[in-house]
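Step one of this worksheet: look at the structure below.
Every heavy atom of this structure was used, including side-chain atoms; hydrogens, water molecules and symmetry mates were not. What you see is a predicted model, and the numbers here were worked out from it, not measured in a lab.
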Amino acid sequence: MYEIRAQVEFSAAHHLLDYEGGKCENQHGHNWLVEAFVRGDILDQSNILVDFKALKRDLRLVLADLDHQDLNELPDFKGESPSSEFIANYIYYRMKEKYVELHKISVWESRESCATYFEAE
């Protein structure tokens, strides 16, 4: 089994809904780091599972809709609390449309805080 990972960054603002306990209920922003993990056991003729360039390009396309936005104002996030967990889920299902081998998406809102979404096996 092989696994590859590609990273792409985006910047966006958000605030958490129904959050009790701190400043995160106030509007603030992050420079998010998103990691896409793809797994598989079959390599192509070049011994590549998935081309890093293609994976990053497609991840950038998904993130382009989020970049420099107020996530709370986006139609797909309306009425939802755009936590790192929710963002990871959103990106996962958008990427899964193209990459059936997608294993998981990790969303880092800081160097110390990360949320990951994957489907249970």
Side-chain angles (χ1 to χ4, degrees):
M1 180 69 68
Y2 301 95
E3 180 176 79
I4 68 162
R5 174 185 65 161
Q7 299 178 329
V8 176
E9 295 179 345
F10 76 100
S11 299
H14 75 150
H15 66 275
L16 299 179
L17 306 178
D18 303 314
Y19 180 77
E20 297 176 18
K23 298 177 181 179
C24 292
E25 64 189 351
N26 298 325
Q27 179 89 1
H28 63 284
H30 297 282
N31 293 316
W32 310 83
L33 173 67
V34 178
E35 298 175 306
F37 295 81
V38 175
R39 283 186 175 176
D41 55 5
I42 299 173
L43 302 179
D44 69 10
Q45 68 278 3
S46 296
N47 289 326
I48 294 173
L49 179 64
V50 171
D51 187 347
F52 287 117
K53 182 173 55 176
L55 182 59
K56 286 189 250 184
R57 178 198 63 225
D58 294 331
L59 185 55
R60 281 188 188 102
L61 286 172
V62 170
L63 299 181
D65 293 338
L66 308 179
D67 192 38
H68 284 83
Q69 298 293 320
D70 178 347
L71 300 179
N72 295 81
E73 297 300 319
L74 297 177
D76 289 330
F77 291 73
K78 267 299 198 205
E80 299 289 345
S81 188
S83 64
S84 295
E85 295 88 342
F86 188 84
I87 296 165
N89 176 284
Y90 170 84
I91 296 167
Y92 179 89
Y93 284 106
R94 294 278 312 274
M95 290 294 291
K96 190 75 171 175
E97 294 170 5
K98 180 138 186 152
Y99 293 92
V100 295
E101 313 93 340
L102 185 67
H103 174 59
K104 64 185 176 182
I105 293 289
S106 293
V107 174
W108 294 82
E109 65 176 46
S110 72
R111 286 183 294 150
E112 299 90 16
S113 302
C114 172
T116 300
Y117 182 83
F118 57 93
E119 293 177 329
E121 297 177 16

Rounded to the nearest 0.5 Å, what separation is found between the [atom1] atom of [X] and the [atom2] atom of [Y]?
| X | Y | atom1 | atom2 | answer |
| --- | --- | --- | --- | --- |
| H30 | L71 | NE2 | CG | 9.0 Å |
| H14 | S84 | NE2 | OG | 6.5 Å |
| E35 | K104 | CD | NZ | 8.5 Å |
| W108 | T116 | CH2 | OG1 | 7.5 Å |
| E85 | C114 | CD | SG | 9.5 Å |

Run through the side-chain heavy atoms of Ile, Leu, Val, Met, Phe, Trp and Tyr, join any pair under 4.5 Å, and report what else lands in F37's cluster.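 Members besides F37: none; it forms no cluster.
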
If you group Ile, Leu, Val, Met, Phe, Trp and Tyr whenever their side-chain heavy atoms sit less than 4.5 Å apart, what else falls in with L16?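 Once heavy-atom contacts under 4.5 Å are chained together, L16 belongs with Y19.
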
Hey, mind stepping through Q7 and L33 against side chain to side chain contact (heavy atoms under 4.5 Å, CB included) and telling me if it holds? CA-CA 7 Å; Q7 299 178 329; L33 173 67; 3.8 Å; yes

Minimum-distance pair of heavy atoms, taken over all atoms of [X] and [Y]:
| X | Y | answer |
| --- | --- | --- |
| V107 | I105 | CG2-CG2, 4.1 Å |
| L17 | S81 | N-OG, 2.9 Å |
| L49 | Y2 | CD2-O, 3.8 Å |
| G22 | E25 | O-CG, 3.3 Å |

Out of N72, D70, I87, which one pairs with F77 under the side-chain contact (heavy atoms from CB on, under 4.5 Å) rule?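 Result: among N72, D70, I87, I87 is the only option passing the side-chain contact (heavy atoms from CB on, under 4.5 Å) with F77.
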
Residues that K78 engages under side-chain hydrogen bond (donor to acceptor under 3.5 Å, both in side chains), provided they are two or more places apart: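 Scan of K78 (side-chain hydrogen bond (donor to acceptor under 3.5 Å, both in side chains), adjacent residues dropped) gives E73.
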
Mind checking salt bridge (Lys or Arg N to Asp or Glu O under 4.0 Å) for E109 and listing every partner two or more places apart, or none if nothing turns up?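 For E109, no residue satisfies salt bridge (Lys or Arg N to Asp or Glu O under 4.0 Å) once neighbours in sequence are set aside.
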
Check the pair S11, D67 against side chain to side chain contact (heavy atoms under 4.5 Å, CB included), reporting the backbone distance first and the verdict last. CA-CA 5 Å; S11 299; D67 192 38; 4.0 Å; yes

Would you say the side chain of [Y] lies within less than 4.5 Å of the side chain of [X], judging by non-hydrogen atoms?
| X | Y | answer |
| --- | --- | --- |
| H103 | E3 | yes |
| S106 | V34 | no |
| V8 | F10 | no |

The criterion is side chain to side chain contact (heavy atoms under 4.5 Å, CB included); which residues satisfy it with E119, sequence neighbours excluded?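 Residues passing side chain to side chain contact (heavy atoms under 4.5 Å, CB included) with E119: Y92, Y93, K96, Y117.
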
Going only through I, L, V, M, F, W and Y residues with side-chain contacts under 4.5 Å, is there a path from I4 to M95?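 Linked, I4 and M95 end up in one cluster.
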
Show the atom names and distances, to 0.1 Å, of all donor-acceptor pairs under 3.5 Å that link a side chain in residues 55-66 to residues at least two apart or in another chain.
residue, atom, partner, partner atom, Å
D58, OD2, Y99, OH, 2.6
D65, OD2, R94, NH1, 3.3
D65, OD2, R94, NH2, 3.3

